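When a ligand or atom number is given, it counts from 1 through the structure's own listing order. All of these numbers come straight from a predicted model, not from anything done at the bench. Numbers here simply count residues along the sequence, with the first being 1.
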Amino acid sequence: EHQLHDDPFASNISILSRLLPPALLTPRVGIVCGSGLSTLAAGLHGIVEVPYSVLDGFGYSTVPGHKSILAFGFMSEGRVPVVAMLGRFHPYEGHPLTTVTYPIRLMARLGVKSLLITNAAGSLNPSIPVGTIVVIQDHIALPNLTGMNPLLGPLFTPNHTRFVPLSGAYSRRLRREAFRAAHTLKLPREALAEGTYAWVSGPTYETPAEGRFLRAAGGDVVGMSTVPEVVAACDEGLEVAVLSLVTNMVVVPDGYQSVRDEVEAEISGQTIERPSTPKVSHEEVLETGKKRGELMKNLIEKLVSSL
Ligand code: ADE
């Protein structure tokens, strides 16, 4: 009885069919461009940019470094039609999870079979430095486990599954292809890593204790996006790959720094040398995106060619 009565895609499909040549109306690959990574779309041939504002059910991305454009075009010497989201929606902007996931469902409806997601993330793992691209193999999503799961509520359609398994969410085939692509591009081994993405709602960056908590739980990187899209993609039966660009270090090896120790040492005439806890900023996140954007673009292009 809670089913949607109208086709939630009908109006957008009719809008897109007026704007796109027929060959672009059925993209095979979907790409989501994260913070500062919208240059990914620069290599699209025959690009048609559709602003979110002309589409129904799309929000507006309010985050600096995110455009609000759906870009259609061809990759891999014009062989593969793709659709790229330049700018995504985050729950912290006030977008409901249904809005965050809607573009993924639209992509699936258009015919997308493989979804490549990029994001900027903080590193929880001291052996994964800034600038590394992490091929995500699994996630920890505290919001999913505690009442902010994107699939809470009625089934999207009667044909959707109630209890969606996520054990194979991050396609083994695509993860392998990512490492093959890195080899073809002759990247140094340390350019890529494998790891687990910890999803947090934001918009505050995590405290040092929260960073240590997520690390202890098994997270390698932490970010405020991606997981809702991955969950929706799994609900739609898509094959998913996620590449996280590390933009800042979250966990410092030294851990908690006692001020009592410090004061006591001072009183007895000693000084303690302490590394300062890093303070992350969105500017830093965008800066790394700019520096490593080209690398991310090359990897995505190779990955698309391998599909
Ligand atoms: N995105 C980039 N860096 C981040 C961090 N440290 N925490 C959460 N999301 C991030």
Practice problem: For G34 and T118, work out which heavy atoms get closest and say how close. | Solution: N-OG1, 2.9 Å
Quiz item: Do the charged groups of K297 and E294 touch, with an N to O distance under 4.0 Å?
Solution: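 Judged by the 4.0 Å cut-off on N to carboxylate O distance, K297 and E294 do form a salt bridge.
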Are there any protein N or O atoms under 3.5 Å from the N or O atoms of ligand 1? List them with distances, or say none.
{"from": "ligand 1", "atom 1": "1 (N)", "to": "A120", "atom 2": "O", "distance (Å)": "3.4"}
{"from": "ligand 1", "atom 1": "3 (N)", "to": "G122", "atom 2": "N", "distance (Å)": "3.3"}
{"from": "ligand 1", "atom 1": "3 (N)", "to": "N248", "atom 2": "ND2", "distance (Å)": "2.8"}
{"from": "ligand 1", "atom 1": "6 (N)", "to": "E206", "atom 2": "OE2", "distance (Å)": "2.9"}
{"from": "ligand 1", "atom 1": "6 (N)", "to": "N248", "atom 2": "OD1", "distance (Å)": "3.0"}
{"from": "ligand 1", "atom 1": "7 (N)", "to": "E206", "atom 2": "OE1", "distance (Å)": "2.8"}
{"from": "ligand 1", "atom 1": "7 (N)", "to": "E206", "atom 2": "OE2", "distance (Å)": "3.2"}

Quiz item: Taking only residues two or more places apart in sequence, or in another chain, which ones meet Y170 in a ring pair (Phe, Tyr, Trp, His ring centres under 6.0 Å)?
Solution: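 Y170: ring pair (Phe, Tyr, Trp, His ring centres under 6.0 Å) contacts with H139.
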Exercise. Assign the ring pair F156 / H160 to parallel, tilted or perpendicular, where the plane angle (0 to 90°) is split at 30° and 60°.
Key: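 Rings of F156 and H160: perpendicular, as their planes differ by over 60°.
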Quiz item: Should the ring pair F89 and F58 be called parallel, tilted or perpendicular, given that the plane angle runs from 0 to 90° and is split at 30 and 60?
Solution: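 Rings of F89 and F58: perpendicular, as their planes differ by over 60°.
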Quiz item: Are the side chain of S123 and the backbone of V246 linked by a donor-acceptor contact shorter than 3.5 Å?
Solution: no
